[in-house]
Each structure stands twice: as C-alpha cells, then as structure tokens.
Amino acid sequence: MNKITKIEVKKLLFLTTGLEKQYCEDNLISEVPVALVYNGISHTVMMATPSDLDDFALGFSLAEGILNAPQELYGLDIIEQEQGIEIQLEISTRQFVELKEKRRSMAGRTGCGICGVEQLEQVHQSCKIVKKNNRLQGVNPLILAYCLAQLENAQSLSKETGASHAAAFFSIDGTLLAIREDVGRHVALDKLIGWYAKAGFPNGFVFVTSRASFEMVQKCLAVGIEMLCAISATTEMATKMARDNQFTLLAFARKGKATIYSGAERLFLK
C-alpha cells in the first residue's frame, strides 16, 4: 500500500480583495488498519502508515514485553488485504505461552501503553522496565539545536503531507542515526524501537516531534533507552515515571532552549 495518496482538492484563499478558489492536487497521508498476529492468533489492530512495518512489528513486540529480545522473533510476513494489512509473526513458544496468559482485549487500540488494562493497579504492573547500564553520559545540550535541524530536514513524509509524527535516534555526539515517521506518534516510536533493536541497541537518545506522554517514556524504558527529548510538552505521569527510573526526560526542546524534567546527571551542564 502507498503511504501517500494524491487527490484533487479545492483550495480557498482568503484575500483582502475577496475569496479566491484554486483547484490543485494535495497529498494525504495513508492511515490503514494493521493487525499483529502472533503464531496464528490475532493480538491487536492498530492504525498506522504502511511503511517500515517490519520495524513496527518488532518494536511494538519489544515495547509491550511480548518479546524480550529480537532473537525470539523467528519469522515475519506482511500480507496486504482488502481491509488493511496483516503482519504475521512467528515467535518462540515460551513467549507465545506468556502472551496467551496475559492477553488483554486491545482491538482498535491507538498505541497507548495501558489500553485494555482492566484494573488501576495493573497500570504499573504492565510496565516492563529494563535495568539501566548507564551507558549514556555527558550529553552536551548544545547539540540539541543541531539535532533539531537534522530532525526537521529528515521528515520527508511530514514535508509532503504535514500530518505525520517522527521519532529519531541520535548518537551521543548528535549524529542522526535513524528516523521513522507515522500518522501516530506511538507507532512512529515503535518503528524506531524496531530499528534500534535491529541495529544492536546503539548508545544514544530519542527525539520525538510529539509530546512526551507516559506511554512514550514507558516504551523507551522497556528497551533500555535512557533519554527522551520532545519538541512538545510532557505530563505529570511521564515525569514521575522518568524520575522513579532515573530516566532523562526533556521537553519543549526548541531552538535555543529545553526544559529538563528528569535525569540532568546525564547532561554536561558545566
């Protein structure tokens, strides 16, 4: 399936001399149902842009704790259907048994880290946290402006449609290593996590174009990422989770400024 669709539209221009109409083509981002099927059993359906779906499937599986390591994914097939896309994953028997034991009703979920949880106390129980190895140290905040410039320039889907979120991974010196885009911010991060796992879990940090919500911090913690920067705001719950887990969280990262909510010890501030 195409990630962009072209359609004819009528553009309205509000001028001081009156209303003007123009006929032109516009690019629309694709948003299709994507079903994740583990060992023949459908687990969830999410709306996503049909690109980098192999990364999405792996990243989602790791972030949700369905897999503990990429090696537990034995095979993956992406099948286009009339109604959407089905991703068939073959995973280890042990992980599949665990998945069946903790399956929740999550059809139609949006990528939220707690959708389908039945009781309040299950919210934190559902969070998989990887023990930190504290590889990330001495990040110079001055590189964030350089990261922002690269992030903006690399968003090809956003440039064409204006409707995508992006998640990017940067090395400690601010070099852009990978970027993934999607109509959904959670899915964009899942796609990036899939790349991150395939790349051998390199040292660095994540930059997102969205807000840094609880689920975004949770996904990073689930795979051992130690730092998240967001262009937009963060939330109280995200900040609490970051502080409880010695995670570095920055928000409102714009040209020339950023707000540190947690984990300032990883930043070189002298």
Side-chain angles (χ1 to χ4, degrees), residues 55 58-59 62-63 68-70 113 127-155 165-181 185-186 188-270:
D55 287 341
L58 176 59
L62 291 168
N68 295 315
C127 299
K128 173 190 169 188
I129 307 296
V130 170
K131 185 178 180 181
K132 301 293 173 300
N133 53 24
N134 291 318
R135 295 184 300 162
L136 191 65
Q137 297 291 335
V139 179
N140 189 337
L142 294 178
I143 68 170
L144 296 181
Y146 176 51
C147 294
L148 275 168
Q150 294 177 84
L151 179 60
E152 181 177 355
N153 186 59
Q155 292 179 65
H165 287 290
F169 195 88
F170 291 90
S171 66
I172 193 171
D173 64 357
T175 300
L176 175 63
L177 299 183
I179 185 170
R180 294 293 183 267
E181 294 181 272
R185 59 193 177 92
H186 299 94
L189 182 54
D190 282 332
K191 289 178 176 180
L192 185 70
I193 289 173
W195 166 87
Y196 174 69
K198 290 178 182 178
F201 304 97
N203 194 17
F205 59 93
V206 171
F207 219 127
V208 295
T209 58
S210 63
R211 68 183 182 275
S213 60
F214 161 78
E215 310 94 338
M216 307 292 273
V217 173
Q218 176 187 332
K219 286 179 182 291
C220 290
L221 285 168
V223 294
I225 293 170
E226 300 175 45
M227 176 173 163
L228 174 67
C229 297
I231 289 178
S232 191
T234 188
T235 67
E236 178 187 10
M237 194 170 185
T239 300
K240 184 179 186 306
M241 172 167 267
R243 291 182 175 182
D244 287 347
N245 291 279
Q246 295 78 53
F247 181 81
T248 300
L249 176 63
L250 283 74
F252 295 116
R254 309 289 175 82
K255 186 176 181 179
K257 63 179 183 178
T259 302
I260 305 171
Y261 289 86
S262 176
E265 64 274 9
R266 287 192 178 87
L267 304 174
F268 183 75
L269 299 176
K270 295 181 180 180

Residues in side-chain contact (heavy atoms from CB on, under 4.5 Å) contact with S232, at least two apart in sequence or another chain: R211
Donor-acceptor pair, side chain of Q155 and main chain of E181, under 3.5 angstrom: no
Set of residues satisfying side chain to side chain donor-acceptor pair (under 3.5 Å) with respect to T235, sequence neighbours excluded: none
Pairwise distance CD1(I260) to CD(E265) - rounded to 0.5 angstrom: 10.0 Å
Residue pairs fulfilling salt bridge (charged side-chain N to carboxylate O under 4.0 Å, His left out) with at least one residue in residues 140-151, sequence neighbours excluded: none
Summary of salt bridge (charged side-chain N to carboxylate O under 4.0 Å, His left out) pairs that have at least one residue in residues 242-257, sequence neighbours excluded: K240-D244
Sequence-distant partners of A154, side-chain contact (heavy atoms from CB on, under 4.5 Å), two or more places apart: L176, I179
Result block: side-chain N/O donor-acceptor pairs under 3.5 angstrom for residues 137-146, not counting sequence neighbours:
| unit_1 | atom_1 | unit_2 | atom_2 | d |
| --- | --- | --- | --- | --- |
| N140 | OD1 | L142 | N | 3.0 |

Closest non-hydrogen atom pair between L58 and P70, with its separation: CD1-CA, 4.2 Å
A222 versus A63, closest heavy-atom pair with distance: CB-O, 3.5 Å
Qualifying side-chain hydrogen bond (donor to acceptor under 3.5 Å, both in side chains) pairs, either residue in residues 194-207, two or more places apart: D54-K198, D55-K198
Expected output: side-chain N245 to main-chain M241 donor-acceptor under 3.5 Å: yes
L249 backbone acceptor or donor facing S262 side chain under 3.5 Å: no
Min side-chain heavy-atom separation T234-L228 under 4.5 Å: no
Sidechain-backbone polar pair: T248 side chain, G263 backbone, donor-acceptor under 3.5 Å: yes
Name the atoms and distances for all side-chain donor-acceptor pairs under 3.5 Å in residues 168-175, with sequence neighbours left out.
| unit_1 | atom_1 | unit_2 | atom_2 | d |
| --- | --- | --- | --- | --- |
| S171 | OG | D173 | OD1 | 2.2 |
| S171 | OG | T175 | N | 3.1 |
| D173 | OD1 | T175 | N | 3.2 |
| D173 | OD1 | T175 | OG1 | 3.0 |

Smallest separation among heavy atoms of L136 and G204, with atom names: CD2-O, 3.7 Å
Nearest heavy atoms of S213 and R185, plus distance in Å: OG-NH1, 2.9 Å
H165 and V208: CA distance, side-chain angles, deciding distance, side-chain contact (heavy atoms from CB on, under 4.5 Å) verdict: CA-CA 8 Å; H165 287 290; V208 295; over 6 Å; no
Any side-chain heavy-atom pair of L148 and I231 under 4.5 Å: yes
R266 vs N134, side-chain contact (heavy atoms from CB on, under 4.5 Å): CA-CA, chis, key distance, verdict: CA-CA 9 Å; R266 287 192 178 87; N134 291 318; 3.2 Å; yes
Gap between atom CE of M227 and atom CG of L250 - 0.5 Å precision: 5.0 Å
Any residue meeting side-chain contact (heavy atoms from CB on, under 4.5 Å) with A233, in chain and number order, not counting sequence neighbours: F252
